[in-house]
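Every chain is numbered from 1, with letters handed out A, B, ... down the list of sequences. Here the structure is a predicted model, which means the values were calculated and not measured. The figures that follow rest on heavy atoms only: side chains count, while hydrogens, waters and symmetry mates do not.
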Amino acid sequence: AQSVTQLDSQVPVFEEAPVELRCNYSSSVSVYLFWYVQYPNQGLQLLLKYLSGSTLVKGINGFEAEFNKSQTSFHLRKPSVHISDTAEYFCAVSLLSSNTGKLIFGQGTTLQVKP
Amino acid sequence: EAGVAQSPRYKIIEKRQSVAFWCNPISGHATLYWYQQILGQGPKLLIQFQNNGVVDDSQLPKDRFSAERLKGVDSTLKIQPAKLEDSAVYLCASSPWAEPTNEKLFFGSGTQLSVL
């Protein structure tokens, strides 16, 4: 079975500071990796995803993530956050071999950007 | 391009009552998903449709939950009777086809259900 663990439930940070949101996954088969963001009262929006190739993936709004196969991690980073980045962030996986597109999500990390 | 539409936006009911949620996917999207997002947890897949057929309903509590997509377009998710633990946001998502890269997967804004 597959599982996704987001190591921090809440991450408070000051505006313009760097941030890292941690994600680890467990799977006996190959997976694709995703980060989604959920702003208050909105649906999930894709930030970035890792399918193959370069392990450093760049996404929207200045976010990037690095896939580390040996540590089964996919941490999300941003060098300088803005107030508008305050939101819930979800790490997720899907199975390469699957034909369903089903996503398995982590518990979420609330990023709180303070002025 | 219009997004995934869901209604109602909020619903408050008492336990043992019934409730229904509606989802209108993006035009032309054959694959439709219902996810349940309990406060403090990540979304969990309840059911997946491909056109009007069910692909995966392994995590749907079938004694109280039901879903249909009769004409392969709109979908309805029903809970009868509701329990306190059903309080959650119910997210609908759609995609032109089902594939693991989720290249064109889009989520609606969700229906927030409170069971008192």
TODO: Pick whichever of P100(B), G108(B), G110(B) has the most heavy-atom pairs under 4.5 Å with chain A.
DONE: P100(B)
Open item on the list: Out of L51(A), N41(A), L96(A), return the one with the most heavy atom pairs under 4.5 angstrom to chain B.
Closed with: N41(A)
- [ ] Treating Ile, Leu, Val, Met, Phe, Trp and Tyr as nodes and any side-chain heavy-atom pair under 4.5 angstrom as an edge, say whether L48(A) and F107(B) lie in one connected cluster.
- [x] no
Task: K102(A) to D56(B) - nearest heavy-atom pair and separation - done: CD-OD2, 4.0 Å
Task: Note, L105(B) side chain near Y36(A) side chain (heavy atom, < 4.5 Å) - done: yes
TODO: Under 4.5 Å heavy-atom distance to chain A, tell me which part of Q37(B) shows up: side chain, backbone, both or neither.
DONE: side chain
Task: For the student: nearest non-hydrogen atoms of Y35(B) and G101(A), plus distance - done: OH-O, 4.5 Å
- [ ] Go through the atoms of K49(A) and report whether side chain, backbone, both or neither lie under 4.5 Å from a heavy atom of chain B.
- [x] side chain
TODO: Verify the cluster assignment for Y33(B) and Y32(A): are they in a single hydrophobic cluster under the rule of side-chain heavy atoms below 4.5 Å apart?
DONE: yes
Task: Structural part of Q48(B) lying under 4.5 Å from a heavy atom of chain A - done: side chain
Open item on the list: So for atom CZ, which belongs to R9(B), do other residues, nucleotides or ligands contribute more than 12 heavy atoms lying within a distance under 6.0 Å?
Closed with: yes
Task: Which portion of Q6(A) sits near chain B, non-hydrogen atoms under 4.5 angstrom - done: neither
Open item on the list: Please check if the number of heavy atoms outside F14(A) that lie under 6.0 Å from its CZ is greater than 12.
Closed with: no
Open item on the list: In this structure, would V57(A) and Y25(A) fall into the same cluster of hydrophobic residues linked by side-chain contacts under 4.5 Å?
Closed with: yes
Task: V29(A)-L33(A) co-clustered via ILVMFWY side chain contacts under 4.5 Å - done: yes
- [ ] For atom NZ of K62(B), decide whether the heavy atoms of other residues, nucleotides or ligands shown that lie under 6.0 angstrom number more than 12.
- [x] yes
- [ ] Can you tell which part of Y10(B) gets under 4.5 Å to a heavy atom of chain A, answering side chain, backbone, both or neither?
- [x] side chain
Open item on the list: I'd like to know whether CG of L39(B) has more than 12 heavy-atom contacts from other residues, nucleotides or ligands below 6.0 angstrom.
Closed with: no
Open item on the list: Within the supplied structure, the quantity of interest is the number of heavy atoms (other residues, nucleotides, ligands) at a distance under 6.0 Å from I12(B) CD1; does it exceed 12?
Closed with: no
TODO: Give the cluster check for V11(A) versus F74(A): same hydrophobic cluster or not, with ILVMFWY residues linked at side-chain heavy-atom distances below 4.5 Å.
DONE: yes
Task: Distance-minimising heavy-atom pair for T100(A) and A98(B) - done: O-CB, 3.5 Å
Task: L44(A), part contacting chain B, at a heavy-atom distance under 4.5 Å - done: both
Task: Under 4.5 Å from a heavy atom of chain A, the part of E103(B) involved - done: both
Open item on the list: Given heavy-atom pairs under 4.5 angstrom as the criterion, report whether the side chain, backbone, both or neither of I104(A) touches chain B.
Closed with: neither
Task: Segment of I38(B) engaging chain A (4.5 angstrom heavy-atom cut-off) - done: neither
